[in-house]
Amino acid sequence: MCPNRIRTEQEIHGRHGRPITDQDAHEINRVEELSYDLKIHEVMSKNLQTASPDISLSDVLKILRINRISGVPVIQDEKLVGVISIEDIVRALQNNDLTETVGQYMTRELVTVASFDSIVKAMQTFAEKHVGRLPVVDEEKKLVGMITKGDITRGILVALQKDYKAEEVRRYRASHLFEDIISDRTTLVLRYNIKAQDFTHGGNASSHIKRALLRLGADAQIARRCGIAVYEAETNLIIHTTHGGILKLEVEPHRITMSTTDDGPGIPDVEQVLQPGYSTATDQVREMGFGAGMGLVNIKRCVDNMELESTVGKGTKLIMRIHVPAENFNARKEG
Amino acid sequence: MNLQQIIERLNLNLLTDPRDFETIHPEGGYTSDLLSCVMAGAKSKYIWVTLQAHLNIVAVAALLDVAAIIVTEDAQPDAATITKANEQGVILLSTSMPSFEVDGKLWEIGLRN
């Protein structure tokens, strides 16, 4: 699905650029998601047929017939004052009253939806109020369009079609990477250079890794475990190294290997740093909430296998491995 | 219970862009100012209560997919933090209450995981 990217204008009004969550990846299907992401103004009809309250019902009937619609909003002095529909005209017919004005028979009890709301809001209103069409108003309560169930269906189909090309195809391709490329051993390697003391970009590499794994078709739980492990390792490079280091992710169909390497200062006692709560972080770093002495403990908890090697004056290498169940990354040889 | 109700009942300030909070249903809460503890303890869709307000809370929240961060005791995230939160889809809320009081109120209205 959609990855994080720089916030765009469309993010406010449309669905593009919406950040992915574990939930999205797993439970919500596309149409449900679209019903929240698509805004009413994106699907409503803007070609407005309106009526004035002073015209006769037989004139309205003409408008309805020519445009093949079942109702129109009634506008007076640029303001929405009611809706006149087939039902209202049927009532007038019973009284033999087609020469009467729209104002006499229109429905004045106004149910409207806001143009900036999600289409799910319109769907709820259709269900609650048992109506088939709703006037759409903007922030200033001015009529800007009409929405019907047909508009919603059409809007979702159009969005799905656009979306499919832009996003699903990309995800599909990524998730079939390992199936499409044939070799005796395929490995995808991602490298990130982490700078010492660069708290501003702390966590960026981890977010990118988590997203890459989801896009490659990894299970949300595995992506989460990798994200946490790699975040702690990334943070360690930022806090403790002299010149930063390299964070590497190697993805294979059956295994994910994450590692960090740096050139110092090195850890004098590797056993000691594995103790929960042991930390050498400065007070300044602790004030930011780092240095709880839980980083390596968290990593151990999240990965299947962790190796830490260090030489004072030379540097540290941390290797973390997670075994991947066969259903991830479409690694199976079928069809 | 949805996030809109929580925002209203606790009278929280919204720091990031408005979203459809009624569709967000937090499943629990976690309170800590130590990022590694949050990494270990906060689950997806939890509310994270903290008085940390710096940029790195966004990365932690995004990785964990928390429902929202409540920054307590009037701690003020800077503009870069709020921008990054918007980019990453992280919801930032703030209050003058201390974390203890926020937890109490969340518990009271039924968020007890």
Side-chain angles (χ1 to χ4, degrees), chain A residues 2 4-7 11-12 17-26 35-37 116-118 120-121 199-207 209-211 220-221 223-224 226-232 234-235 238 276-277 279 286-299 301-302, chain B residues 2 16-27 30-46 48-69 71 75 77-91 99:
Chain A
C2 244
N4 282 341
R5 30 182 121 89
I6 294 161
R7 192 178 157 74
E11 191 179 330
I12 305 159
R18 187 173 182 279
I20 189 172
T21 65
D22 287 356
Q23 212 61 26
D24 288 335
H26 246 64
S35 65
Y36 286 97
D37 289 349
F116 47 85
D117 272 336
S118 304
V120 71
K121 194 88 180 181
F199 288 98
T200 314
H201 296 103
N204 281 6
S206 320
S207 319
I209 285 174
K210 185 181 167 190
R211 213 173 311 136
Q221 209 47 41
R224 184 183 168 89
C226 287
I228 293 175
V230 125
Y231 175 84
E232 296 288 3
E234 184 184 355
T235 310
I238 295 171
S279 174
R286 282 177 204 241
E287 246 169 54
M288 292 171 76
F290 297 104
M294 295 302 289
L296 290 165
V297 180
N298 274 352
I299 292 174
R301 191 176 52 87
C302 287
Chain B
N2 64 49
T16 42
D17 295 339
R19 295 250 292 269
D20 199 352
F21 297 121
E22 284 179 16
T23 60
I24 299 168
H25 299 272
E27 290 176 358
Y30 188 84
T31 303
S32 177
D33 304 324
L34 293 174
L35 306 186
S36 283
C37 294
V38 179
M39 274 294 183
K43 296 187 181 143
S44 162
K45 297 176 106 182
Y46 271 35
W48 172 22
V49 182
T50 180
L51 51 78
Q52 296 289 2
H54 59 83
L55 191 60
N56 294 87
I57 60 173
V58 175
V60 171
L63 275 170
L64 295 173
D65 267 312
V66 301
I69 307 177
V71 179
D78 59 16
T81 305
I82 293 169
T83 306
K84 185 158 183 191
N86 278 325
E87 275 170 25
Q88 303 255 329
V90 170
I91 298 167
S99 299

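Labels below follow one simple rule: chain letters A, B, ... track the order of the sequence lines, proteins then strands, and each chain is numbered from 1.
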(request) Go through Thr50(B), Asn56(B), Thr23(B) and name the one with the most non-hydrogen pairs under 4.5 angstrom from chain A. (result) Asn56(B)

(request) Start with the C-alpha distance between Asp65(B) and Tyr46(B), add both sets of side-chain angles, then the distance that settles side chain to side chain contact (heavy atoms under 4.5 Å, CB included), and finish with yes or no. (result) CA-CA 8 Å; Asp65(B) 267 312; Tyr46(B) 271 35; over 6 Å; no

(message) So for Leu35(B), is it side chain, backbone, both, or neither that comes closer than 4.5 Å to the heavy atoms of chain A?
(response) both

(message) Is any side-chain heavy atom of Leu34(B) closer than 4.5 Å to one of Phe290(A)?
(response) no

(message) I'd like to know which of Gly203(A), Ser118(A), Gly289(A) tops the heavy-atom pair count under 4.5 Å against chain B.
(response) Gly289(A)

(message) Checking Ser36(B) now: which residues fulfil side-chain hydrogen bond (donor to acceptor under 3.5 Å, both in side chains) with it, not counting sequence neighbours?
(response) Glu232(A)

(request) Please name all residues satisfying side-chain contact (heavy atoms from CB on, under 4.5 Å) with His25(B), sequence neighbours left out, ordered by chain then number. (result) Asn2(B)

(message) Counting C-beta onward and ignoring hydrogens, is there a side-chain heavy-atom pair between Met39(B) and Val60(B) closer than 4.5 Å?
(response) yes

(request) Name the member of Ala40(B), Cys37(B), Ala59(B) that forms the most heavy-atom pairs with chain A at distances under 4.5 Å. (result) Ala40(B)

(request) Give, as side chain, backbone, both or neither, the part of Asp20(B) having an atom under 4.5 angstrom from any heavy atom of chain A. (result) side chain

